[in-house]
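So you know, we letter chains A, B, ... as the sequences are listed, proteins then strands, and number each from 1. None of the values given here were measured: they were computed from a predicted structure.
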2 protein chains.
Amino acid sequence: MSQSPAPRRTLGRPARISREQVIATARRIVDADGVDRLTMRRLATEIGTTPMALYHHVRNKDELLVALLDDYAERALRRPELPGDPRGRVLAAAAAIHEALAACPWITEVLTADDLMSTSALWFVEQILDGLIACGLTPDRAVHGYRAIWYFTAGEIIVRTTATRRRTDDDRPTYRERVFADVDPDELPRLAQAAGRWAALTAEDTYLDGLQALLDGLLAAH
Amino acid sequence: MSQSPAPRRTLGRPARISREQVIATARRIVDADGVDRLTMRRLATEIGTTPMALYHHVRNKDELLVALLDDYAERALRRPELPGDPRGRVLAAAAAIHEALAACPWITEVLTADDLMSTSALWFVEQILDGLIACGLTPDRAVHGYRAIWYFTAGEIIVRTTATRRRTDDDRPTYRERVFADVDPDELPRLAQAAGRWAALTAEDTYLDGLQALLDGLLAAH
DNA sequence: ACCTGAACACCGTTCAAGT
DNA sequence: ACCTGAACACCGTTCAAGT
């Protein structure tokens, strides 16, 4: 989606930088150094202007981030061949969203804004809704089902990416390691039993398993 | 959990502020104005010292936030009477965590650090693991099941709270409203059909429904 | 051991002025 | 219409010094 501003007039001073250029440069910074390092000031110097020149092409930093999300979704969300059966369609559409998000961890900062990430993602939402309805849910319950899938998907991405982010830039034992070290096997036997395998188990990608379980549960009652 | 530092010595200058006081004041700021408004500088002036005095009781701001989370979990997570049947136990433990988090939206900033929020929450994790195993899952699959429940729970909290946060401090039409306005009913019929009811549907609290569906799905294969 | 003051190296954004 | 410079009101944190 391009929510470009007013139609370009030929009057006045010719623009030296464009909104596209601003967004493209912001993307480069974020891809290289992470979203934390994207500041209006750095973006300006990287482009070769003053910070305030940016505000002519973008309302503020928040809008820049949303534009960045849109830009990414438009390029990363390629519509796949969907299977014919509705259950498979829901799974494939959700997995496609998940895959695009997983490849772009910085997105979590913006992601949580709301449930519809961008217009480019709407087609996927449509497939999920349609699949759920074809499986027998009412339209209203399909929306709730979609939301449940979205909670699960967003939660998986956010928890997973922020966990790995902290692990990398830290050499000391993680919070989790310190917590497990204090577990009393008499009081918390299951945790103590799992403590040694916890890191390996949580490193496994079980998104698809969880998604299937959730979907099965959503469809089971109907 | 109190990860208090070295044992208090009587030597040297007597402390004028304590770690407890720092955390308690930080909590007051966060409860009143949100986590964004918690800065080391404001915290210092609110206590009546200089910013740098804080760094003697807390390693840095990140550690302060984790301490804040611990502090909250210790006070908010009261262990409920759990039902005898294992499925009910899992539901009740997950719902208790969810309830505590929902009452404390600022926590999402810290929450996503990892999966075990604090030692106070471990008992609840234990109940979930134990319940899942009692329902027939292997210990490894129980960990995966717990993770799935955690993804869903964290995702619900994060999406819900950030969505309402943006709604309040903004009078213009939301991003979602703008997106729905552009939906083409021919291309995306299900979305167009749901557009009018979307806000009302997503305002409903369907966490427990989703949780039950997920749990049913997790248990179904075994 | 605990606290202070000054300073460093940053932020996002407004405002008034330039071309 | 588009861009600039200076300024405002902030940040987290380090460092050297005080008691």
Side-chain angles (χ1 to χ4, degrees), chain A residues 4-23 25-26 29-30 32-68 106 109-110 113 165-166 169-170 172, chain B residues 4-23 25-26 29-30 32-68 106 109-110 113 165-166 169-170 172:
Chain A
S4 51
R8 179 62 56 92
R9 319 277 221 85
T10 46
L11 301 174
R13 187 170 169 174
R16 300 210 324 205
I17 63 175
S18 66
R19 185 179 215 260
E20 286 67 39
Q21 192 184 356
V22 170
I23 292 172
T25 309
I29 292 174
V30 159
D33 294 347
V35 73
D36 292 341
R37 306 299 255 283
L38 175 65
T39 67
M40 299 302 267
R41 294 175 119 99
R42 175 172 169 192
L43 179 54
T45 54
E46 209 112 320
I47 292 178
T49 39
T50 49
M52 284 319 299
L54 305 175
Y55 286 83
H56 220 271
H57 301 88
V58 149
R59 188 194 300 265
N60 52 30
K61 196 183 176 181
D62 261 25
E63 197 197 276
L64 174 63
L65 288 173
V66 172
L68 223 44
W106 60 265
E109 312 284 295
V110 197
R165 189 198 306 168
R166 311 234 170 174
D169 62 25
D170 215 300
R172 301 168 299 163
Chain B
S4 52
R8 178 62 55 91
R9 319 277 221 85
T10 47
L11 301 174
R13 188 171 168 173
R16 300 209 324 205
I17 63 175
S18 66
R19 187 184 155 96
E20 286 68 38
Q21 191 184 355
V22 170
I23 292 172
T25 310
I29 293 174
V30 160
D33 294 347
V35 72
D36 292 341
R37 305 300 255 282
L38 175 65
T39 68
M40 299 301 267
R41 294 175 118 99
R42 175 170 170 194
L43 179 54
T45 53
E46 209 112 320
I47 291 178
T49 38
T50 49
M52 283 318 299
L54 305 175
Y55 286 83
H56 220 271
H57 301 89
V58 151
R59 187 194 300 264
N60 52 30
K61 196 183 175 182
D62 261 25
E63 196 197 276
L64 174 65
L65 288 174
V66 173
L68 223 45
W106 60 265
E109 311 283 295
V110 198
R165 189 198 306 167
R166 311 235 170 173
D169 61 23
D170 213 300
R172 300 167 300 165

Mind listing the side-chain donor-acceptor pairs of residues 41-48 of chain B below 3.5 Å, one per line with the distance, residues two or more places apart or on another chain?
unit_1, atom_1, unit_2, atom_2, d
R42(B), NH1, D33(B), OD2, 3.1
R42(B), NH2, D33(B), OD2, 3.0
T45(B), OG1, R41(B), O, 3.4
T45(B), OG1, R42(B), O, 2.8

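Comparing dC11(C), dC2(C), dC3(D) by their closest approach to the side chain of I17(A) singles out dC3(D). The side chain of N60(B) sits closest to dT13(D) out of dT13(C), dT13(D), dT4(D). You'll find that the side chain of A15(B) is closest to dC3(C), out of dC3(C), dT4(C), dT13(C). Ranking dT13(D), dC3(D), dG12(C) by closeness to the K61(A) side chain, first place goes to dG12(C).
Across all strands shown, dT13(D) is found opposite dA7(C) as a Watson-Crick or G-U wobble partner, with both distances under 3.5 Å. The pairing partner recorded for dA1(D) is dT19(C), the criterion being a Watson-Crick or G-U wobble arrangement whose two distances lie under 3.5 angstrom.
The separation between L38(B) atom CG and dC11(D) atom P is 10 Å, rounded to whole Å. For the pair H57(A) NE2 and dC3(D) C1', the computed distance is 9 Å after rounding to whole Å. Rounded to a whole Å, the CE atom of M40(B) is 7 Å from the P atom of dG12(D). The nearest whole Å value for the distance from the CZ atom in R37(A) to the P atom in dA9(C) is 16 Å. Atom CG of L54(A) is separated from atom P of dC3(D) by 10 Å (rounded to the nearest Å). In this structure, R16(A) places its CZ atom 13 Å from P of dT19(C), rounding to the nearest Å. Rounded to whole angstrom, the span from the CG atom of D36(B) across to the P atom of dG12(C) amounts to 14 Å. Whole-Å rounding puts the Y55(B) OH to dC11(D) P distance at 11 Å.
Annotation: side chain of W106(B) is not in contact with side chain of L38(B) (no heavy-atom distance under 4.5 Å). The side-chain heavy atoms of I17(A) and H56(A), taken from C-beta on, include no pair separated by under 4.5 Å.
Here M52(B) lies in heavy-atom contact (under 4.0 Å) with a base.
dA9(D) and dA9(C) have their P atoms separated by 23 Å, given to the nearest Å.
Here CD1 of I23(A) is found 10.5 Å from CG of L65(A). Values are rounded to the nearest 0.5 Å.
Note on H56(A): every side-chain N or O is 4.0 Å or more away from OP1 and OP2 of dT4(D). Phosphate proximity of dG5(C) to T50(B): absent, as no side-chain N or O sits under 4.0 Å from OP1 or OP2.
Comparing P51(A) and T49(B) against DNA chain C, the residue whose closest nucleotide sits nearer the 5' end is T49(B). Toward the 5' end of DNA chain D, the nearer of the two residues G48(A) and R41(A), judged by each one's closest nucleotide, is G48(A).
For the pair Q21(B) and T25(B), the tightest heavy-atom approach, listed with the atom from each and the gap, is O-OG1, 2.7 Å.
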